[in-house]
Protein chains: 2
Amino acid sequence: MSLRSQGSKRRAAPESSAQTSPTFQQDGKVGMKEIAERAKVTKMTVSRALRTPDKVAPETLRRITAAMEEMGFVPNSLAGSLSARNSPIVPVIVPTMANSIFSDFIEEVSLTLDRAGFTPIFGCSNFDNEYEERLLIKYLGWQPSAIILTGASQTPRTRDFCQRSGLPVIQTWCLPEHPLGRVVGFSNYDMLYQITKALQGWGYRNIGFGFLNTPNNDRSRQRRLGWEVAVREGGDEPLHTRAQGGELSLEAGADILRGILGRHPDTKAIAFGSDVHAVGAVLECKRLGLRIPDDIAITGCGDMGLSSVVSPTLTTVRIPGRTIGRECATMVNLSVVGTYAGPSTVNVGFEIVRRESA
Amino acid sequence: MSLRSQGSKRRAAPESSAQTSPTFQQDGKVGMKEIAERAKVTKMTVSRALRTPDKVAPETLRRITAAMEEMGFVPNSLAGSLSARNSPIVPVIVPTMANSIFSDFIEEVSLTLDRAGFTPIFGCSNFDNEYEERLLIKYLGWQPSAIILTGASQTPRTRDFCQRSGLPVIQTWCLPEHPLGRVVGFSNYDMLYQITKALQGWGYRNIGFGFLNTPNNDRSRQRRLGWEVAVREGGDEPLHTRAQGGELSLEAGADILRGILGRHPDTKAIAFGSDVHAVGAVLECKRLGLRIPDDIAITGCGDMGLSSVVSPTLTTVRIPGRTIGRECATMVNLSVVGTYAGPSTVNVGFEIVRRESA
DNA sequence: AACGTCTATGAAAAAGTTTTCTGCAAAACC
DNA sequence: GGTTTTGCAGAAAACTTTTTCATAGACGTT
């Protein structure tokens, strides 16, 4: 049931907010020239006051600072970056921002880069490599300081542009065989390999696999490979009919469950490449009257908020999004300064979190 | 239980990725000058080829396009925007990116603005108005085309800078009494007013309120007001001991539930200002052995993924994040062109979604 | 007193585009 | 057939800052 409301049309108890009080003395354009005039110096000294205040006489600095405050001066970063031949901008391209998969990562990158004086720009490729290419080229036009990309399945042109840019490039959420630059990630292969092994260790057999079905998704491919190898090592054949893909939604997870169970009623566990699918499957089991984990075990990947909320709670693989974000930001920072000395690939690992569903 | 794994140290089955193949003929700096030389024109014509191709002779255009392709030219947006005296950048400041509260909104704004040729920049204020002010001033330096802000509780300085910038300013997720510019939002007051009324209609009395406890959160304040008015209209007194705040986490939701129930065991329903809290409360009820909604009813706000996954499923208020995002982006687009003709405040409304918890 | 060094400031060039203005040839007009 | 318009392209200025180079004076040393 769902009641619709447009809210009251009369502005009932409108949201309060402080009235604006004019603080600044000047309207119209205010650049370094205007500040300089007011402070009786040249714009050169104004520039210095901002970037190397210790090179400016205290009294002069005071006058300049006062002028800036009074006139509400905001330095033009466009001009500054153009002149300095580099900008603090750091593009970060992720497949999606809507799902909470990457949201911890995004927030941490954002906060950490901002604190370090950079300006992150987030782009959303929608799991589409061509779109990612378009975004990258667009971002390259801003003369960024570094580039952060998700995954390893960039188009050749994307790779070329990265290489030719001469910028620090960081790939994340993966462990590529041929990295573009530095890497902060984990092994998608190993993740599914380990969780499948774990399922086997807990006594489950005939393990299926549910994955995110987007074109050119190297992370899904790696996860599938991990599942296949583990299944084979367990003495079974990783039947492709026991694996099924779907888009990123709860419904797709339910579909996958029904599909695999329909083709192979003897399936005792399904390892999903995403918590979203896994949760969808758990809910579908309830609808179908299947007991978890007795009739079938379910595992996910990501340890998103959902997984500890669903009942039964989800056994999953925790990906340390915040750590990845912080690590990426630090790496950008040090790479730009040129003092990065750590390994070119940082494996942040993952953690199997056993709950009730397996 | 939780097993820790760093993944295999040997790069087991490293993630595959295409090898880079050199596509471009030239390394080193390639600007319009270089393209111009190669195409036997001046950089002026190159500039025209990019922005007004119909003003360039077909044959000339062909030569220029070919040169760009061969040399992998990326126009310098810094220079372009500086010269054109405005940039396609549009800052969007939200309180948090980590929670999925705003993630639909963010993705939709990102996609829609990108398609319209803008470059959104997302900043995260962490529910801190001073930090928001800092971010805004930093972003203003990029000479943006417009500004999108969440909420109505900006500092006076923030408001001044917005006003003085002369830019289109859009506030969202609220319906401010004194808007800075245009608004795309809904009434936070009405949201809690309506859901509380609904609870009363469903027969619940002694209704409590749980809210997000961050300093200067106008949205929480408005929601609380809505609860108070509705409770009073229902003939009860909105006791401040029946309201409790907490940070944005499941645990805080559980705390709030215990707190309110501890002080007022006769409480028959709690309306939460956030799904996160509400879900935390639902889980806590299960731990405490309380039946929902028989012993106590719970409602949330936001209709995040969590709310339809928890058991019992959550009655909540759906906020149309994607719609808000699209509307904001369209408004930016039209405002910048100067052809926006719609109302200066768009109320997207909300929708009460009744599920099992009330 | 001559010299070198250091500090505080300024003048001019540079960054890579777009804007504005100008020029020229060919087409269109009457 | 001369004039106006149109289509295409170039030259120079502008955008606002940083970089680079220069200079004037203070101070210390020999």
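All chains are named by letter (A, B, ...) in the order of the sequence lines, taking the proteins before the strands, and each is independently numbered beginning at 1.
- Protein chain A contacts DNA chain C from dA8(C) to dG16(C), reading 5' to 3' and using non-hydrogen atoms of the protein with a distance under 4.0 Å.
- Protein atom CZ of Arg48(A) is 11 Å distant from nucleotide atom C1' of dT20(D), rounded to whole Å.
- Evaluation of the salt bridge (Lys or Arg N to Asp or Glu O under 4.0 Å) rule for Glu132(B) yields no partner, not counting sequence neighbours.
- Taking Glu327(A) as the reference, nothing meets the salt bridge (Lys or Arg N to Asp or Glu O under 4.0 Å) condition, with sequence neighbours excluded.
- Checked against side-chain contact (heavy atoms from CB on, under 4.5 Å), Pro343(B) has the following partners two or more places apart in sequence or in another chain: Tyr340(B), Val346(B).
- With sequence neighbours excluded, no residue forms a salt bridge (Lys or Arg N to Asp or Glu O under 4.0 Å) with Arg48(A).
- Using a 4.0 Å cut-off on heavy atoms, the residues of residues 49-63 of chain A that approach DNA chain D are Arg51(A), listed by number.
- Within the structure, a side-chain polar atom (N or O) of Ser47(A) is placed less than 4.0 Å from OP1 or OP2 of dT18(D).
- Regarding Ile35(A), its CD1 atom lies at a distance of 17 Å from the C1' atom of dT18(D), rounded to whole Å.
- At a threshold of 4.5 Å between non-hydrogen side-chain atoms, the residues Glu130(B) and Arg134(B) do not count as touching.
- Within the structure, side chain to side chain donor-acceptor pair (under 3.5 Å) pairs that include any residue of residues 85-98 of chain A comprise Thr96(A)-Glu107(B) (at least two apart or interchain).
- Thr345(B) and Arg182(B) share no donor-acceptor pair across their side chains, judged by distance under 3.5 Å alone.
- We find that Arg63(A) and Glu59(A) are joined by a salt bridge, their nearest charged nitrogen and carboxylate oxygen being less than 4.0 Å apart.
- In terms of the side-chain contact (heavy atoms from CB on, under 4.5 Å) criterion, residue partners of Pro95(B) (sequence neighbours excluded) are, by chain and number, Phe102(B), Ser125(B), Phe127(B), Thr150(B), Arg219(B).
- Using modelled atom types and a 3.5 Å distance limit, the side chains of Gln154(A) and Glu133(A) yield no donor-acceptor pair.
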Short N/O separations, protein against nucleotides 12-16 of chain D, under 3.5 angstrom:
{"residue": "dC15(D)", "atom": "O4'", "partner": "Arg85(B)", "partner atom": "NH1", "Å": "3.2"}

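- Contacts classified as ring-ring contact (aromatic ring centres under 6.0 Å, His included) and involving residues 104-125 of chain A (residues at least two apart or in different chains) are given here: Phe105(A)-Trp173(A).
- The salt bridge (Lys or Arg N to Asp or Glu O under 4.0 Å) test applied to Lys138(B) returns Asp114(A), not counting sequence neighbours.
- In the helix from dA1(C)-dT30(D) to dC30(C)-dG1(D), the end axes, each obtained as the rotation axis mapping the C1' atoms of four pairs onto the next four within a five-pair block, lie 40° apart to the nearest 10 degrees.
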Using the rule given for side chain to side chain contact (heavy atoms under 4.5 Å, CB included), can you reason through Cys124(B) versus Met97(B), listing the C-alpha separation, both sets of side-chain angles and the distance that settles it, and then say yes or no? CA-CA 7 Å; Cys124(B) 187; Met97(B) 303 174 90; 4.1 Å; yes
